[in-house]
Protein chains: 2
Amino acid sequence: MNLRELSAHLGLSQTTVSRALNGYADVAPATRRKVVEAAERVGYRPNSGARRLATGRSQALGIAFPVDRNLLLDPHFIEFLAGVAATAGEKGYDLTVSPTTGTEDEVYRRFARTRTADAVILSGPAVEDRRIALLNGLGLPFVVHGRTQTPLPYAHVDIDNRGAFRQACRLLLDLGHRRIALINGDEGQTFARDRRSGWQEALAQAGLADDPDCPSCCGAMTEENGYRFARALLERTPAPTGLLCSSVLLAFGAYRAIRDLGLTVGRDVSVIAHDDDLPFLRPHTLDPPLTVTRSPIRKGGEQVADFAIRLATGTPIDQLTDVKPVDLVYRGSVAAPASG
Amino acid sequence: MNLRELSAHLGLSQTTVSRALNGYADVAPATRRKVVEAAERVGYRPNSGARRLATGRSQALGIAFPVDRNLLLDPHFIEFLAGVAATAGEKGYDLTVSPTTGTEDEVYRRFARTRTADAVILSGPAVEDRRIALLNGLGLPFVVHGRTQTPLPYAHVDIDNRGAFRQACRLLLDLGHRRIALINGDEGQTFARDRRSGWQEALAQAGLADDPDCPSCCGAMTEENGYRFARALLERTPAPTGLLCSSVLLAFGAYRAIRDLGLTVGRDVSVIAHDDDLPFLRPHTLDPPLTVTRSPIRKGGEQVADFAIRLATGTPIDQLTDVKPVDLVYRGSVAAPASG
DNA sequence: GTGTTTTTCCAAAGCGCTTTGGGTTACGAT
DNA sequence: ATCGTAACCCAAAGCGCTTTGGAAAAACAC
């Protein structure tokens with residue numbers, strides 16, 4: 001059933017039916033009701049291609065999907081994507097994912113030229129990210145999940161990574177810890193860089209700036225790396241008594257390392273991690289329950305999608321920036337350091 | 001730059017340019033070369049909406065994205081999706097994901113009516129899956145990742161789950177194990193049901209059909225469940241000496257449980273898991289390295305996408321079914337049971 | 001050289017929708 | 001009765017592409 005058939009069926013013109021369905025003012029309430037009802041009844045849905053062609057807009061959000069597996073975020077990405085998809089769907093938008101290996105330039109070029117997406121979502125921004133300039137140049141609206149260094153204004157939603165890790169580190173310091181190590185994600189990405197800054201700020205405030213007993217390491221956020229990093233850090237002398245992990249997956253590995261070394265989480269080593277609220281990794285089920293800075297990454301996806309749609313429909317960029325504060329959830333993995 | 005401009009620029013008709021670009025026979029090689037070159041140079045890309053409208057096909061694959069988090073497959077799904085996206089992209093297809101909560105009917109209806117996707121991908125089929133009938137009724141081509149019970153023929157790619165778990169169980173039996181437990185995924189899903197069948201078959205062949213000392217349990221494939229299930233199983237008397245896990249994540253939890261009970265993997269308890277080859281969970285890095293039945297779920301995604309595109313372009317269904325054998329990779333988590 | 005086929009190209013007709021730029025009709029005001 | 005103004009509706013023009021059904025030109029057969 002298409003528009004022509006539907007309007008013939010109703011004895012109205014295509015124009016009127018179209019306008020009734022799209023909420024224009026100049027159609028009588030009674031007519032509109034009839035139209036909407038009939039459309040509902042026969043299950044009319046506008047052909048997406050035709051609508052795209054006519055309006056020039058695709059009612060779709062685009063996102064590049066890095067399929068090469070070296071990307072650190074796999075388990076986080078899906079959760080983020082779930083959020084994006086949820087609100088996109090809710091607002092009648094499709095979500096078009098395009099695979100990329102290496103550079104995403106080609107995908108964005110295609111989005112822009114074929115008008116396949118009205119706005120694109122940029123995730124995992126690097127500290128200096130060429131994509132921003134590219135998208136600006138292409139005139140393709142975009143919103144960034146995270147932040148980056150650029151003079152240009154850009155729509156984004158982020159969490160206060162720096163504040164979160166400053167806070168987490170301060171908690172350990174206040175408890176008396178003096179040797180606090182950071183197990184970070186890839187520091188080419190802004191979120192990791194920010195967390196490092198937060199950690200450093202707290203240390204500096206405690207007079208521990210660049211203290212060699214407060215080491216750090218970074219890399220892909222896998223369980224395996226968490227184990228390796230934690231193990232390496234804890235085998236130093238003196239060993240750190242506090243561990244800040246950039247993801248629960250890393251903390252997972254850290255727990256394993258701590259156990260393997262005959263130590264006990266919460267007694268010998270305090271651990272705090274950032275929790276993106278992945279459904280299959282629940283920090284409170286660990287033993288002892290893991291203290292976290294918590295911010296559901298899915299929520300981030302939802303807000304990014306919302307911003308992207310608003311951007312595509314004309315909301316100015318400066319109204320589309322948000323940086324969410326992060327909660328610190330105190331649990332059993334943290335305690336005062338053993339005296340001595 | 002659109003077709004009209006491009007053809008004006010070349011001094012040719014739109015028809016000729018279009019046909020040249022789309023590989024029709026009736027355009028002189030020299031002309032074609034000129035056209036292709038010019039298109040390349042000016043970066044011409046056909047408007048996707050226009051093409052959809054004209055051809056009736058969208059050059060897109062559709063997939064429903066279950067955003068309610070009770071879905072077991074989260075980490076598996078992304079990897080599968082990566083495979084789908086990769087080959088879709090390679091072949092010039094977009095991938096449209098549509099969120100669903102609960103039933104996916106509405107999404108498929110929409111795909112069908114708006115012609116947003118030329119074919120859809122069905123993942124995580126239940127043993128009896130209403131979606132098959134629905135899609136058949138809608139006339140929307142689809143390919144299933146996995147199998148289901150239905151009299152209708154349908155395109156699918158699956159792995160030999162039954163054979164894999166039969167094989168794994170037989171290995172343990174051959175080593176002398178007599179109490180082998182199964183920690184399975186949600187048995188409403190076909191893959192889990194098939195694995196159970198394989199386990200049962202091997203047990204039956206060893207004369208252990210329905211042996212009460214060979215218990216099983218099932219549920220979402222999380223680390224947490226792996227821990228709970230393994231712990232419960234191992235606290236029975238007599239305790240099983242062999243554990244078959246439906247995912248590495250479950251095995252992960254099982255390892256933790258085994259350790260917590262003061263037991264040792266490979267010595268007191270042998271563990272085998274199915275490995276979907278998730279990049280952030282590497283079974284060989286566990287201690288001891290985990291024996292697995294291995295089949296990269298990403299490869300599955302790639303093949304599903306390939307089938308879906310072939311289906312959309314006219315390949316008959318009966319040429320689009322495949323069930324891949326599964327390798328058993330023998331590692332240190334398996335040994336003969338302690339005598340006694 | 002004529003007739004026939006093949007090769008190469010093109011004009012024009014859609015695909016199904018939105019939107020512009022009027023028309024009608026109804027109604028209150030003059 | 002007449003005019004002006006809303007309120008409601010419509011015909012027709014596109015959006016950018018593909019595809020049908022030729023036509024013109026070139027190649028071939030005799």
Side-chain angles (χ1 to χ4, degrees), chain A residues 1-36 38-39 42-60 92 94 110-118 312-313, chain B residues 1-36 38-39 42-60 92 94 110-118 312-313:
Chain A
M1 172 76 70
N2 60 24
L3 226 213
R4 188 160 44 91
E5 291 162 356
L6 178 62
S7 42
H9 173 69
L10 280 162
L12 289 168
S13 75
Q14 288 193 40
T15 310
T16 303
V17 176
S18 172
R19 302 189 75 109
L21 256 20
N22 290 321
Y24 280 67
D26 64 348
V27 33
T31 312
R32 183 191 309 274
R33 211 173 319 116
K34 241 186 319 190
V35 170
V36 168
V42 303
Y44 167 76
R45 294 293 182 113
N47 173 296
S48 67
R51 171 176 273 182
R52 283 187 186 205
L53 181 54
T55 61
R57 284 173 302 109
S58 58
Q59 292 272 319
D94 281 331
R110 210 172 53 78
F111 277 152
R113 285 200 290 235
T114 65
R115 300 254 116 234
T116 284
D118 295 339
T313 50
Chain B
M1 171 76 71
N2 60 23
L3 226 213
R4 187 161 45 93
E5 291 162 357
L6 178 61
S7 43
H9 173 69
L10 280 162
L12 289 168
S13 75
Q14 288 193 42
T15 309
T16 304
V17 175
S18 172
R19 302 189 76 110
L21 256 20
N22 289 322
Y24 280 68
D26 65 347
V27 33
T31 311
R32 183 191 310 276
R33 211 173 319 116
K34 238 185 321 187
V35 170
V36 169
V42 303
Y44 168 76
R45 295 289 182 115
N47 174 296
S48 68
R51 170 176 275 183
R52 284 186 185 206
L53 181 54
T55 61
R57 285 174 300 109
S58 59
Q59 291 272 318
D94 281 332
R110 209 172 53 79
F111 277 151
R113 287 200 288 237
T114 63
R115 300 255 117 233
T116 283
D118 295 339
T313 51

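Worth knowing before you read on, the calculation uses all heavy atoms, side chains too, and leaves out hydrogens, waters and symmetry mates. Throughout, a chain's letter reflects where its sequence line sits, starting with A, and its residues are numbered from 1. Treat the numbers as computed from the prediction; the structure is a model and nothing was measured.
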Using atom CZ of Arg113(A) as one end and atom P of dG16(D) as the other, report the distance to the nearest whole Å. 16 Å
Please list, chain by chain and in numerical order, all residues satisfying side chain to side chain donor-acceptor pair (under 3.5 Å) with Arg32(A), sequence neighbours excluded. none
Taking CG from Asn2(B) and P from dC15(D), how many angstroms apart are they, rounded to a whole number? 9 Å
Establish, with yes or no, whether the OP1 or OP2 oxygen of dC17(D) is under 4.0 angstrom from a side-chain nitrogen or oxygen of Ser18(B). no
Which residues satisfy the side chain to side chain donor-acceptor pair (under 3.5 Å) test with Arg113(A), sequence neighbours excluded? none
Check Pro46(B) against Thr114(A) and note the closest heavy-atom contact, atom names and distance. O-CG2, 3.5 Å
For Asp94(A), all residues meeting salt bridge (Lys or Arg N to Asp or Glu O under 4.0 Å), sequence neighbours excluded: Arg110(B)
Who pairs with Thr15(B) by side chain to side chain donor-acceptor pair (under 3.5 Å), at least two apart in sequence or on another chain? none
With heavy-atom distances below 4.5 Å as the criterion, would you say the side chains of Thr116(A) and Ser58(A) are in contact? no
Pair up each side-chain donor or acceptor in residues 16-23 of chain B with any protein partner under 3.5 Å, not counting sequence neighbours, and list the distances.
| unit_1 | atom_1 | unit_2 | atom_2 | d |
| --- | --- | --- | --- | --- |
| Thr16(B) | OG1 | Ser13(B) | OG | 3.1 |
| Arg19(B) | NE | Asp26(B) | OD1 | 3.2 |
| Asn22(B) | ND2 | Ser18(B) | O | 3.2 |

Could you work out, with side chain to side chain donor-acceptor pair (under 3.5 Å) as the rule, every residue matching Asn47(B), not counting sequence neighbours? none
Please determine if a side-chain N or O atom of Tyr44(A) lies less than 4.0 Å away from the OP1 or OP2 oxygen of dC17(C). yes
In short, the helix from dG1(C)-dC30(D) to dT30(C)-dA1(D) is bent end to end, axes from five pairs each side, to 10°, by 50°
Might you point out which heavy atoms bring Leu10(B) and Lys34(B) nearest each other, and give the distance in Å? CD2-O, 4.3 Å
Given dC10(D), is OP1 or OP2 found less than 4.0 Å from the side-chain N or O atoms of Ser13(A)? yes
Rounding to a whole Å, what distance do you find between Leu21(A):CG and dC9(D):P? 14 Å
On DNA chain D, check which nucleotide each of Met1(B) and Arg19(A) is closest to and give me the residue with the more 5' one. Arg19(A)
Contacts of Arg33(A) meeting side chain to side chain contact (heavy atoms under 4.5 Å, CB included) (sequence neighbours excluded), chain-then-number -> Pro29(A)
Under the side chain to side chain contact (heavy atoms under 4.5 Å, CB included) rule, collect the residues that match up with Ala54(B), sequence neighbours excluded. none
At under 4.0 Å, does any side-chain N or O of Thr16(B) touch on OP1 or OP2 of dC10(C)? yes
Would you kindly give the CG-to-P distance between Asn22(A) and dG16(C), to the nearest whole Å? 17 Å
Round to the nearest Å and state the distance from Leu3(B) atom CG to dC10(C) atom P. 13 Å
Arg51(A) side chain N/O closer than 4.0 Å to the phosphate oxygens (OP1, OP2) of dG16(C)? no
To the nearest Å, give me how far apart CD (Gln59(B)) and P (dC17(D)) are. 14 Å
With nearest nucleotides of DNA chain D determined for Ala25(A) and Leu53(B) from heavy-atom distances, which residue corresponds to the more 5′ nucleotide? Ala25(A)
Identify each atom pair where a protein N or O and an N or O of nucleotides 12-14 of chain D are less than 3.5 Å apart, giving names and distance.
| unit_1 | atom_1 | unit_2 | atom_2 | d |
| --- | --- | --- | --- | --- |
| dA12(D) | N6 | Thr15(A) | OG1 | 3.4 |

Restricting to pairs with a member in residues 46-55 of chain A, which pass salt bridge (Lys or Arg N to Asp or Glu O under 4.0 Å), not counting sequence neighbours? none
Rounded off to whole Å, could you give me the CG-to-P distance for the Asn47(B) and dG16(C) pair? 17 Å
Considering just the side-chain nitrogens and oxygens of Tyr24(A), establish if one lies under 4.0 Å of OP1 or OP2 belonging to dT18(C). no
Residues from residues 26-36 of chain B lying under 4.0 Å of DNA chain C - heavy atoms: Asp26(B), Val27(B), Ala28(B), Thr31(B)
I need the CG-P distance between Leu12(A) and dA7(D), as an integer number of Å. 19 Å
